[in-house]
Amino acid sequence: MPSPEQLSIDAAGGAVLQGTLTLPDGEPPFPAVVAVHGAEGATRDFHLFRGLASLLPALGIATLVFDRRGHGESTGGTEASYEELAADARAVIEQVRRHPSVAGDLVALWGISQGGWIAPLAAAQDGRVAALVAVSAAAVTPGAQMDFAVTALLLEAGHPPETVERALALRRHVDALAAGKASATATQALLDQAREEPWFRLAFIPDKATQVDESWSEEMEFDILSTLRRLQLPVLLFFGQGDRWIPIAESADAWRSALGANADLTVVSLPGAGHAATVGFDPGDWLEEGPVSPVYERVLARWLRDRLLPTR
């Protein structure tokens with residue numbers, strides 16, 4: 001197999017994204033898959049990125065993984081909106097398409113978690129993406145997704161329902177502050193009261209009112225449904241049955257409804273897997289770096305072969 005090739009991609013705002021292109025053996029041009037990050041796992045060494053670069057080139061499919069702006073070897077600020085991150089993904093796609101060893105009309109996107117919002121957004125804006133794979137892609141707003149996660153994680157940690165209610169009420173107060181409907185002083189008083197509580201880190205909110213601004217509302221209220229309705233490409237969705245971070249059934253139903261009955265949509269439930277398509281992970285490890293689900297690898301390989309290598 002050829003040695004991985006390092007690429008530098010110019011992105012908006014003067015950022016330069018550093019990526020690694022792994023090509024298959026054989027005669028080019030090859031189809032390719034570009035990977036999009038979740039909120040965690042922002043660099044090329046994320047275990048599922050490594051898995052893609054190991055699995056797909058052996059099938060005849062190139063992979064491009066890159067460091068998110070402001071992380072790893074990529075430049076730019078770490079604070080970026082979904083729109084900005086989708087623009088970064090489109091910049092990467094365009095550079096991959098221009099590579100002499102890549103079939104420009106057969107470039108697909110793969111995204112996990114937050115990437116399940118960003119990758120569809122990039123695909124809808126681009127219009128030429130050949131296929132989309134999304135792992136643990138919530139089809140609800142980030143605010144609703146985080147309410148689900150906070151509830152699940154607190155209960156898993158043994159906290160009573162009253163604590164869950166207090167954490168969610170504190171999140172609503174932060175929402176009100178971001179929307180200009182609560183004072184920073186009152187919010188800070190509530191944060192100070194809760195900051196030393198053992199459950200506070202699982203509420204996933206800033207500990208300073210000054211860290212909350214309108215960007216919080218913009219992120220929490222982001223609605224992916226209108227974007228999903230614009231997609232006209234094959235879509236493969238994976239949901240781990242043990243996912244603690246997203247409402248699985250609600251998300252799968254929303255994807256089906258948005259894409260329509262005639263869509264090329266495959267929804268796969270992964271037995272024993274969590275948010276990152278892995279099994280046997282440590283619950284305290286947010287990245288869930290356990291063994292990858294064999295169902296995930298088997299279905300991913302077959303599905304991508306059928307869509308990207310139909311004549312090979």
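All residue numbers refer to positions in the sequence shown, counting from 1. All values below come from the heavy atoms of this structure, side chains included, with hydrogens, waters and symmetry mates left out.
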Give a yes or no on whether [X] and [Y] share a hydrophobic cluster (residues Ile, Leu, Val, Met, Phe, Trp, Tyr; joining criterion: side-chain heavy atoms under 4.5 Å apart).
X: Leu52; Y: Val279; result: no
X: Phe148; Y: Val140; result: no
X: Leu168; Y: Leu155; result: yes
X: Val164; Y: Ile205; result: yes
X: Phe281; Y: Ile112; result: no

Set of salt bridge (Lys or Arg N to Asp or Glu O under 4.0 Å) partners for [X], sequence neighbours left out:
X: Arg97; value: Glu94, Asp126
X: Glu5; value: none
X: Glu250; value: none
X: Glu40; value: none

Sequence neighbours left out, what passes side-chain hydrogen bond (donor to acceptor under 3.5 Å, both in side chains) with [X]? Give chain and number order.
X: Ser269; value: Gln241
X: Arg244; value: Glu156, Glu288
X: Gln188; value: Asp192
X: Asp243; value: Ser136, His275

Hey, are the side chains of [X] and [Y] touching, using non-hydrogen atoms and a 4.5 Å cut-off?
X: Trp245; Y: Ser113; result: no
X: Gln95; Y: His99; result: no
X: Val150; Y: Phe204; result: yes
X: Phe238; Y: Leu236; result: yes
X: Thr22; Y: Pro4; result: yes
X: Pro57; Y: Thr63; result: yes
X: Asp264; Y: Arg307; result: yes
X: Phe49; Y: Thr43; result: no

Do Glu289 and Thr278 pair up side chain to side chain, a donor and an acceptor below 3.5 Å, judged on atom types alone?
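Glu289 vs Thr278: no donor-acceptor pair found between side chains.
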Can you measure from [atom1] ([X]) to [atom2] ([Y]) and round to the nearest 0.5 angstrom?
X: His37; Y: Leu48; atom1: NE2; atom2: CG; value: 12.0 Å
X: His71; Y: Leu17; atom1: NE2; atom2: CG; value: 11.5 Å
X: Phe66; Y: Leu64; atom1: CZ; atom2: CG; value: 7.5 Å
X: Gln211; Y: Leu177; atom1: CD; atom2: CG; value: 11.0 Å
X: Leu154; Y: Glu165; atom1: CG; atom2: CD; value: 11.5 Å
X: Thr20; Y: Leu7; atom1: OG1; atom2: CG; value: 7.5 Å

Test side chain to side chain contact (heavy atoms under 4.5 Å, CB included) on Val268 and Trp303; report intermediate values, then the result.
CA-CA 11 Å; Val268 180; Trp303 192 89; over 6 Å; no
If you apply the rule side chain to side chain contact (heavy atoms under 4.5 Å, CB included), what do you find for Val267 with Arg256, and how did you get there?
CA-CA 9 Å; Val267 181; Arg256 291 188 184 99; 3.8 Å; yes
What pair of heavy atoms forms the shortest contact from [X] to [Y], and how long is it?
X: Ala301; Y: Leu59; answer: CB-CD1, 3.5 Å
X: Ala137; Y: Gly116; answer: CB-CA, 3.7 Å
X: Ala178; Y: Val212; answer: CB-CG1, 3.7 Å
X: Pro120; Y: Leu231; answer: O-CD2, 3.7 Å
X: Ala139; Y: Trp255; answer: CB-CD1, 3.6 Å
X: Gln18; Y: Val16; answer: NE2-CG1, 3.5 Å

Counting only N and O atoms by type, is there a donor-acceptor contact under 3.5 Å from the side chain of [X] to the main-chain atoms of [Y]?
X: Ser293; Y: Val295; answer: yes
X: Arg90; Y: Ala122; answer: no
X: Thr151; Y: Asp147; answer: yes
X: Thr187; Y: Ser183; answer: yes
X: Arg171; Y: Ala203; answer: yes
X: Ser74; Y: Gly70; answer: no

Is there a side chain to side chain contact (heavy atoms under 4.5 Å, CB included) between Ile93 and Leu109? Walk through the geometry before answering.
CA-CA 8 Å; Ile93 294 167; Leu109 277 172; 3.7 Å; yes
Would you say the rings of Trp110 and Phe46 are close, in the sense that their centroids are separated by under 6.0 Å?
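No: the rings miss the under 6.0 Å criterion.
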Restricting to side chain to side chain contact (heavy atoms under 4.5 Å, CB included), what partner residues turn up for Ala62, sequence neighbours left out?
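Expected list: Leu21, Leu23, Pro24, Ala32.
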Set of side chain to side chain contact (heavy atoms under 4.5 Å, CB included) partners for Leu190, sequence neighbours left out
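By the side chain to side chain contact (heavy atoms under 4.5 Å, CB included) rule, Leu190 matches Leu170, His173, Gln193.
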May I ask you to decide whether Asp105 forms a salt bridge with Arg128, counting only side-chain N to carboxylate O separations under 4.0 Å?
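So Asp105 does not pair with Arg128 through a salt bridge.
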Could you note down all residue pairs passing salt bridge (charged side-chain N to carboxylate O under 4.0 Å, His left out) where residues 44-69 supplies at least one of them, sequence neighbours left out?
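Checked against salt bridge (charged side-chain N to carboxylate O under 4.0 Å, His left out) - neighbours excluded - the pairs reaching residues 44-69 are Arg44-Asp67, Arg44-Glu73, Arg69-Asp88.
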Yes or no on side chain to side chain contact (heavy atoms under 4.5 Å, CB included) for Val133 and Leu300, after CA distance, side-chain angles and deciding distance?
CA-CA 8 Å; Val133 179; Leu300 177 67; 3.9 Å; yes
Pairing residues for Tyr82 by the ring-ring contact (aromatic ring centres under 6.0 Å, His included) criterion, not counting sequence neighbours:
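Scan of Tyr82 (ring-ring contact (aromatic ring centres under 6.0 Å, His included), adjacent residues dropped) gives Trp117, Phe222.
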